[in-house]
Amino acid sequence: MAKNKLQKFAEMASYQHVFEASYEDVHDKDFHLKGHWNDEFFNNQNPIVLELGCGRGEYTVGLARLFPNVNFIGVDIKGARMHTGATQAINEGLTNVAFLRTHIEFLESFFAPDEVSGIWVTFPDPQMHKPRKRLVGTVMLARYSRFLQSGGFVHLKTDSPFLSTYMTAMLEKNRIDPEVATLDLYHTELPDVVKPILSIQTYYESKWLEHGLTIKYFKFKVPENQKLEEPEIDIEFDNYHMVGRNVAVRN
């Protein structure tokens, strides 16, 4: 029988690599590991990379397997999903993995300037009606720049035509030249440094691919000391969505 949420939360409370902080814990104050993740948790000086909206943690764990000399932290507010990846990391003995249950809007309370070397955003809600909540929108990218190292990359994987169109326009508007920008990840010749990621797929990514949807991928740097501007563009909304374990298409 599948574990219920209370069981999962009880287990994760005992996991030393899972952290949770309430609004009161970080409102107008800093999390105790801010600026000290390397020294006080990972016990090394390896780069720290975040996966935002990590869900079940498939990507966080998958990246940790591929890159043992990099520390990965999966961030999500939905702890029951996180249980899968957190447990898998324990079972595999991965010491370069942590999970953080919090709202992404609070990340500045958890990470100091230049503490994070890269960010992954995998299959986020495109927030078609709420650009300020878009995880790769200009508002959120400006927040990330406050703790992202100079030269650090943001990676986006998405199935959404809406979000990929937005990204293309936003990067062009702000004169950001992406290192990689493809609308069909699995049928594009990629740089050798990017090819390893093809071996990692989230649960929902595999479902999108089964239904013939293409996966879009962007890798880019957030410019320093530049106020990002929203593109002035009308974008057609996506005409499908995930319902349970299936893709529903609206005509």
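Excluded from the calculations below are hydrogen atoms, water molecules and symmetry mates; all remaining heavy atoms, backbone and side chain alike, are included.
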Pair Glu11, Lys8 - check salt bridge (charged side-chain N to carboxylate O under 4.0 Å, His left out), show working. CA-CA 5 Å; Glu11 282 192 5; Lys8 292 177 180 180; over 6 Å; no

Any chance you could lay out the side chain to side chain donor-acceptor pair (under 3.5 Å) test for Ser206 and Gln201, step after step, and finish with the verdict? CA-CA 6 Å; Ser206 66; Gln201 290 183 8; 5.1 Å; no

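Under the rule for a side-chain contact (heavy atoms from CB on, under 4.5 Å), the partners of Ile200 that lie at least two apart in sequence or sit in another chain are Tyr59, Leu63, Leu66. The side-chain contact (heavy atoms from CB on, under 4.5 Å) check on Ala142 picks up nothing, with sequence neighbours excluded. With sequence neighbours left out, the side chain to side chain donor-acceptor pair (under 3.5 Å) criterion links Thr182 to Thr188.
The backbone N or O of Asn4 lies less than 3.5 Å from a partner atom in the side chain of Gln7, making a donor-acceptor pair. Here the side chain of Ser109 pairs no donor or acceptor atom with the backbone of Asp30 at under 3.5 angstrom. In this structure, Lys34 contributes its side chain and Glu108 its backbone to a donor-acceptor pair below 3.5 Å. Between the side chain of Asn38 and the backbone N or O of Asn46 there is at least one donor-acceptor pair closer than 3.5 Å.
Among all heavy-atom pairs drawn from Ser164 and Pro161, the shortest one is OG-O, 3.0 Å. The two residues Phe111 and Phe147 make their nearest non-hydrogen contact at O-CB, 3.7 Å. Here the closest non-hydrogen pair linking Gly35 and Glu115 is N-OE1, 2.8 Å.
Checked against the 6.0 Å centroid threshold, Phe41 and His17 do not count as a close aromatic pair.
When the shell of 6.0 Å around CD of Glu210 is examined, it contains more than 12 heavy atoms from other residues, nucleotides or ligands.
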